[in-house]
Amino acid sequence: MKRVITYGTFDLLHYGHINLLRRARALGDYLIVALSTDEFNKNCKSKACYFSYEERRQLLESIRYVDLVIPEESWEQKARDVKEYHVDTFVMGDDWKGKFDFLRDYCEVVYLPRTPEISTSKMKQEIGRRD
Ligand code: C2G
């Protein structure tokens, strides 16, 4: 069984996220999503999420491409996760291109093209304009 992992906040889930998850899952047989916790978002990513970790986890677990959701609590956990979950392929959108090449010591590293024209921040701005 080929195991794939990806990381993210996935707040205000949108089709760009789904496109990433679908393509990531298509690279193997089992997709793990390491979901940024509320604390990690606040303290390390300076991201204020609309949905809580639990709510974002529920949303992700309802997606057919996702087999397991685990917490992402630090920038440093990736190599440990890859080993602990016997991951074959690490996947991220190409806005992260090159940033995780060190994982090539442990698994395949794939950067997939981001879906253009959609982002959580763009959605927040757009919604703010309409209110
Ligand atoms: N994404 C995409 N297309 C978009 C928006 C996002 O392909 N239009 C991808 C991102 O490249 C990322 C994933 O969807 O691979 C999740 O996006 P975010 O929640 O914004 O992830 P990010 O905050 O970049 O967190 O340790 C890694 C970080 O946790 C990544």
Side-chain angles (χ1 to χ4, degrees):
M1 175 195 300
K2 193 169 177 198
R3 301 160 72 87
V4 183
I5 196 167
T6 191
Y7 291 72
T9 296
F10 296 97
D11 192 34
L12 297 184
L13 197 64
H14 55 67
Y15 64 88
H17 296 136
I18 302 300
N19 279 342
L20 187 284
L21 295 169
R22 176 176 44 71
R23 287 174 294 160
R25 175 66 175 73
L27 293 173
D29 312 289
Y30 188 87
L31 176 61
I32 302 165
V33 178
L35 181 61
S36 307
T37 61
D38 296 333
E39 296 75 19
F40 183 53
N41 277 315
K42 181 168 174 282
N43 302 333
C44 306
K45 296 175 78 173
S46 309
K47 280 197 170 188
C49 287
Y50 182 82
F51 290 121
S52 69
Y53 175 81
E54 277 310 311
E55 289 162 338
R56 289 180 286 119
R57 183 176 62 79
Q58 270 184 50
L59 284 161
L60 282 174
E61 286 178 348
S62 69
I63 298 168
R64 70 172 73 173
Y65 309 119
V66 177
D67 296 288
L68 176 67
V69 178
I70 62 172
E72 178 186 29
E73 298 166 301
S74 78
W75 292 112
E76 293 76 31
Q77 72 181 72
K78 294 181 176 68
R80 188 187 70 226
D81 291 345
V82 166
K83 284 180 266 185
E84 182 177 340
Y85 291 93
H86 310 291
V87 167
D88 301 285
T89 304
F90 168 92
V91 176
M92 286 302 294
D94 62 4
D95 45 320
W96 291 92
K97 192 167 180 61
K99 299 287 192 309
F100 302 115
D101 290 356
F102 66 91
L103 289 170
R104 288 204 161 103
D105 293 342
Y106 309 100
C107 65
E108 181 188 17
V109 174
V110 175
Y111 300 104
L112 295 171
R114 272 176 73 93
T115 301
E117 307 304 318
I118 181 77
S119 70
T120 303
S121 43
K122 187 173 177 183
M123 288 165 69
K124 285 179 179 175
Q125 284 162 13
E126 188 58 33
I127 292 163
R129 254 199 295 279
R130 292 180 187 175
D131 283 353

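The figures here come from the full heavy-atom set of this structure, side chains too, leaving out hydrogens, waters and symmetry mates. Order of listing sets the numbers, starting from 1, for every ligand and every atom in it.
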Residue pairs meeting side-chain hydrogen bond (donor to acceptor under 3.5 Å, both in side chains), one or both in residues 90-100, sequence neighbours left out, come to D95-R114
E39/K42 salt bridge by N-O under 4.0 Å criterion: no
Looking at D67 and R25, is there a salt bridge between them, counting it only when a charged N and a carboxylate O are closer than 4.0 Å? yes
Validation row: R23, T115 side chains within 4.5 angstrom (heavy atoms): yes
For F10, is the NZ or CZ atom of R56 found under 6.0 angstrom from the centre of its six-membered ring and inside 45 degrees of the ring axis? no
Taking only heavy atoms of the protein into account, state which residues are under 4.0 angstrom from an atom of ligand 1, in chain and number order. Y7, G8, T9, F10, H14, G16, H17, L20, S36, K45, K47, E72, W75, K78, M92, G93, D95, W96, R114, T115, I118
Does the separation of the ring centres of F90 and Y7 fall below 6.0 angstrom? yes
